[in-house]
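When a ligand or atom number is given, it counts from 1 through the structure's own listing order. Scope of the values below: all heavy atoms of this structure, side chains included, with no hydrogens, waters or symmetry mates.
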Amino acid sequence: MADKKKIILTGDRPTGRLHIGHYVGSLRRRVEMQNSGEYDEIYIMIADAQALTDNADNPEKVRQNIIEVALDYLSAGLDPAKTNILIQSQVPELTELTFYYMNLVTVQRLQRNPTVKQEMQMRGFNDSEASDNKAGTPVGFFCYPISQAADITAFQATVVPVGEDQEPMLEQTREIVRKFNSTYGPALTEPEILLPDNAACLRLPGTDGKAKMSKSLGNCIYLSDSAEEVRIKVRGMFTDPGHLQVSDPGRVEGNTVFTYLDAFCRPEHFARFGDCFHGRKASFEFRSLDEVKAQYRAGGMGDVMIKNFLTEVLNDTLEPIRTRRRALEQDLPYVYEVLRKGTEAARAKAAETLAGVKRAMRINYFDSGVLEALIAEQSAKYAG
Ligand code: TRP
């Protein structure tokens, strides 16, 4: 596409409230990008149609969570004056694009997608022994990487800020764009992925230290959790199982408290929450996370201290988000108006792309001017 605009598209499935893994993995970055003023257009999608690909029997869950995700977005700082927040299912152009892209992707290629493979396993789709009717993979679910390529290309996105697990979807999208443009002509833009630059943010573990924060594992801290809920969850967090006595040297690698600090701690937190490190038995003055880590490794520092500090750091980040959420919860007509307007703008953009796609594929038979030429062309076959 000749278009040199800088366009962001990304989104989330509305299957629950957003948690701090979503926040450091993508949401915080989106807000920064939005406020940088460097982008011409921004689209953030509530991917309800994608959520339905493995929730066909529970559409109500998806429906209920659209507003939760919208509230999380707005309270985290997405600004409708700069960002279009849209509901995927209300942009039917996306489904139409998906259908044409399906012809450019093989079943074998889809079967190699590592994220889809892992998700199929987690959901038991591969398990022929499973007694419930979940065994077997819904075709729509299997094809969602293609639908995601439609999401991204419909807006001619140049940048897609997402977590690491979305890398295979971006690769698939780029392949579809190349295939489309070389087969039919350049109607689509090849997007770049933008991953978090900090290793802790790339894949924030759950509070139990398990690889990924996920609602089904019950190891999440939600953006909307109260200060007290955060305190309780941090108190129960996985640290270093070998750190039994305060005097013992502790491990920082693989210690979830430190991973979270890597993701959330800022230099000013040491001045503001330094009291956390003043205990009855031991008292420390720290100016950086590196100093805390060095002391923890050396021994003499208890988990309670670092957990208290982490609680303060997390609540410092989450408090303004919670406050905005409480206000927005009392003004749902405004929130739905944001969604309606964002979806309307998104639809106009997607319709433009779809028209270009159909033009490139020459399946725009009834477009003005096209029909006359088509009649002339076909009539020539039968003339004389
Ligand atoms: N697959 C993404 C997730 O599970 C959600 C999503 C749908 C998305 N469409 C997208 C992300 C387009 C980025 C771009 O979180």
Side-chain angles (χ1 to χ4, degrees), residues 7-27 29-30 33 39 41-55 61-62 65-66 68-70 72-73 76 78 83-91 93-95 97-98 101 110 113-120 122-123 140-174 176-177 188-196 201-204 212-216 220 223 342-343 346 349-350 353:
I7 301 176
I8 300 174
L9 175 288
T10 186
D12 299 276
R13 295 180 194 172
T15 53
R17 293 183 171 199
L18 300 183
H19 52 61
I20 61 173
H22 293 114
Y23 185 72
V24 296
S26 170
L27 191 47
R29 186 70 163 277
R30 297 176 202 173
M33 291 170 91
Y39 294 88
E41 295 170 30
I42 307 176
Y43 301 92
I44 309 289
M45 170 183 292
I46 301 180
D48 62 334
Q50 185 176 112
L52 286 168
T53 64
D54 67 329
N55 283 290
K61 173 170 111 185
V62 175
N65 280 305
I66 289 174
E68 300 295 346
V69 172
D72 285 332
Y73 280 171
L78 289 180
T83 295
N84 298 299
I85 303 177
L86 64 124
I87 302 180
Q88 184 188 27
S89 65
Q90 304 308 296
V91 183
E93 287 78 6
L94 299 173
T95 349
L97 285 172
T98 303
Y101 295 172
L110 282 177
N113 185 309
T115 299
V116 175
K117 264 195 208 167
Q118 198 191 0
E119 287 173 326
M120 279 167 57
M122 270 171 57
R123 289 159 175 74
F141 179 83
F142 182 63
C143 295
Y144 91 73
I146 305 178
S147 140
Q148 193 159 332
D151 299 341
I152 295 167
T153 55
F155 302 98
Q156 307 286 356
T158 52
V159 194
V160 183
V162 279
E164 200 181 27
D165 60 332
Q166 298 301 302
E167 223 165 351
M169 310 310 156
L170 264 291
E171 204 33 60
Q172 179 72 78
T173 303
R174 293 163 62 87
I176 290 173
V177 169
L188 302 174
T189 305
E190 207 172 310
E192 302 290 336
I193 189 169
L194 188 68
L195 293 170
C201 299
L202 203 52
R203 191 185 300 163
L204 197 75
K212 201 178 159 181
M213 192 170 277
S214 125
K215 195 172 58 152
S216 51
C220 300
L223 290 180
T343 303
K349 179 77 176 192
T353 300

Go through the structure and list residues passing side chain to side chain contact (heavy atoms under 4.5 Å, CB included) with I42, not counting sequence neighbours.
-> I8, Q34, Y39, I44, T83
Are there any N/O pairs under 3.5 Å between ligand 1 and the protein, and if so, what are their distances?
from, atom 1, to, atom 2, distance (Å)
ligand 1, 1 (N), Q50, OE1, 2.7
ligand 1, 1 (N), Q148, OE1, 2.9
ligand 1, 1 (N), Q166, OE1, 3.0
ligand 1, 4 (O), R13, NE, 3.2
ligand 1, 9 (N), D151, OD2, 2.8

Under 3.5 Å, is there a donor-acceptor pair between the S89 and D48 side chains?
-> yes
Do the side chains of L27 and D12 get nearer than 4.5 Å, heavy atoms only?
-> no
Taken in chain and number order and not counting sequence neighbours, the residues that satisfy side chain to side chain donor-acceptor pair (under 3.5 Å) with Y144 are R13, E119
So do L94 and S147 actually touch side chain to side chain, heavy atoms under 4.5 Å?
-> no
Does E190 have any salt bridge (charged side-chain N to carboxylate O under 4.0 Å, His left out) partners at least two apart in sequence or in another chain, and if so, which?
-> R174, R178
